[in-house]
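Worth saying up front: this structure is predicted, and the values here are computed from it rather than measured. Order of listing sets the numbers, starting from 1, for every ligand and every atom in it.
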Amino acid sequence: MYWEKELETMNREQLATLQLERLQETTRRAVQSYYYGKAFTDAGLHPKDIRTLDDIRRIPFTTKDDLRENWPYGFLAVSKDELIRMHSSSGTTGRATVIFHTKKDVDAWTNLVARSMYMAGLRKSDVFQNMMTYGLFTGGLGFHYGAERVGALTIPAGAGNSKRQIQLMRDFDTTAIHIIPSYALHLYTVFEELGLKPQKDTKVRMAFIGAEPHSEKMRKRIEEFYGFRAFNSYGLSEMNGPGVAFECPEQNGMHIWEDNFIVEIIDPVTLQPVPDGREGELVMTTLLREGMPVLRYRTKDLTRILPGECPCGRTHRRIERITGRTDDMMILKGVNIFPIQIEKKLMEIPGVGRNFVILLEREGFNDLMHIKVEVEREFFNGELRHLEALRRRIVEELKSDILITPKVDLVEPDSLPKTEGKAVRVIDNREK
Ligand code: AMP
Ligand code: ZN
């Protein structure tokens, strides 16, 4: 049982009081670090100046570059002796950022993941198979600790090795899994190859999906294929990892745990706060971190606060699923496009398979978007004119949505490269 009822349903006023106390404590702790000590001095700011929650805006933002430039220990607010764990981001560009935790930090993080999993419906009686990479990536150990705290029998399967995953699910009657959405679509292909149907041949009833952007359409597809409910899980290593924001049984936005984080949504250009309900960049501040507090971190993730209260009774606000990152926006012929717009359209079109990749190319002076799309086996082996009709439909539908005409190639199911971790959706071959 892991339902922190008092904290999860606390009224907004009490929550604000708790946040202010924790923010003041966090800033006092943060200035012990080399980085924030200097940042506060440079800004002429003292932890005592944080008198109200609004005063948070006086603190300068922290960016991924700040973390990189002060690598590895510039953000430590305690002595190294106090640390028990290190994790890192899965970033593919530049040096990965590292985060350090004290014993208390790991404990608080574990509570958050346990609380999130319990909220979605995981119970002590469940068998939980964690199909995420164990290691520096936070998705493996983060969920592992959380599931154990709920008391579920936890299988540390790790990522990849699809046939063994299916075998484990069947042998040990797995009821809940944690899986990357793009991998869930691929795994279904392996079920088919083995002549198995997840609904009939396994007992999996729920899945936690996250770590990469995915649309509501993609979630629906996964739920239909497997016949289970899939809950969106959002997190980032700088804010621990999983357990930052999570869907409740309503599956309508993710509760972001405001007793552990202060949440701001800003306009990424003007850096000013946007009103609730408007999309912007998510900025977060840790409220319980001891080892390495991070203040006003610019996540680069785009989302909005959903207005209104959640029928589940939890008072922590909800964010909408992430619609993109400020740094994965593609600009072609002056049009701004996010990969998720393309994913969403593709997932709506019958006949489209389970994987796709976007290649950005340059032809002469022109930028070209070339999309390779896997199609369902029946289509691929069927009549050529049907395949051509599908191709044309994809081009037309995308064109009306993203306003440029992509070049589309249809390819055989399961023929595009797969990754064990987050899917690589865009390959930019244009000269820099
Ligand atoms: P990392 O720190 O390497 O774990 O990566 C964190 C990043 O993964 C976030 O900043 C998001 O861009 C992305 N991410 C994690 N979970 C989700 C999710 N549920 N939906 C969309 N993007 C996600
Ligand atoms: Zn709810």
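Under a 4.0 Å criterion applied to the non-hydrogen atoms of N232, ligand 1 contributes the atoms 18 (C), 19 (N). Heavy-atom contacts of R325 reach the following atoms of ligand 1: 10 (O), 12 (O) (cutoff under 4.0 Å). Every atom of ligand 1 is numbered from 1 in the order shown, and the set under 4.0 Å from a heavy atom of G235 is 6 (C), 9 (C), 15 (C), 16 (N). The contact set between ligand 1 and K422, taken as ligand atoms under 4.0 Å from a residue heavy atom, comprises 1 (P), 3 (O), 4 (O), 5 (O), 6 (C), 7 (C), 8 (O). Near F137, meaning under 4.0 Å from any of its heavy atoms, are these atoms of ligand 1: 4 (O). Those atoms of ligand 1 with a heavy atom of G210 less than 4.0 angstrom away are 19 (N). Short contacts between ligand 1 and S237, defined as distances under 4.0 Å to a heavy atom of the residue, involve ligand atoms 1 (P), 2 (O), 4 (O).
For ligand 1, the polar-atom distance check against S89 finds no nitrogen or oxygen pair separated by under 3.5 Å. Some N or O of D301 is nearer than 3.5 Å to an N or O of ligand 1, by distance alone.
Comparing K64, E212, H214 against atom 23 (C) of ligand 1, the shortest heavy-atom distance belongs to E212.
When non-hydrogen atoms are compared, ligand 1 lies under 4.0 Å from the backbone of L236 as well as from its side chain. Contact annotation: for A211 versus ligand 1, heavy atoms closer than 4.0 Å belong to the backbone alone.
Enclosure of atom NZ in K217 is not indicated, since only 12 or fewer non-hydrogen atoms of other residues, nucleotides or ligands lie within 6.0 angstrom. Shown here is K422, whose NZ atom has more than 12 heavy atoms of other residues, nucleotides or ligands within 6.0 Å. Summarising the local packing, OH of Y145 is surrounded by 12 or fewer heavy atoms from other residues, nucleotides or ligands at distances under 6.0 Å.
Checking T154 against E148 by side-chain atom types alone, no donor-acceptor pair falls below 3.5 Å. Between T27 and Y36, the side chains place no donor N or O within less than 3.5 Å of an acceptor N or O (distance only, hydrogens not considered).
K407 pairs by the salt bridge (charged side-chain N to carboxylate O under 4.0 Å, His left out) definition with nothing, not counting sequence neighbours.
Screening R321, E343, R219 against H214 for a side chain to side chain donor-acceptor pair (under 3.5 Å) leaves a single residue, R321.
Checked by atom type and distance alone, the side chain of W109 never pairs as donor or acceptor with a backbone atom of G146 at under 3.5 Å. Side-chain N or O atoms of E212 include one that pairs as donor or acceptor with a backbone N or O of A423 at under 3.5 Å. Side-chain atoms of S233 do not come within 3.5 Å of backbone N or O of F246 as any donor-acceptor pair.
By the criterion of a separation under 2.8 Å, the protein N/O/S atoms near the Zn ion (ligand 2) amount to C248 SG, H255 NE2, C310 SG, C312 SG.
The pair R354-E192 counts as a salt bridge, with a side-chain nitrogen and a carboxylate oxygen less than 4.0 angstrom apart.
In this structure, F231 and F208 have tilted ring planes: the angle between them lies in the 30° to 60° band.
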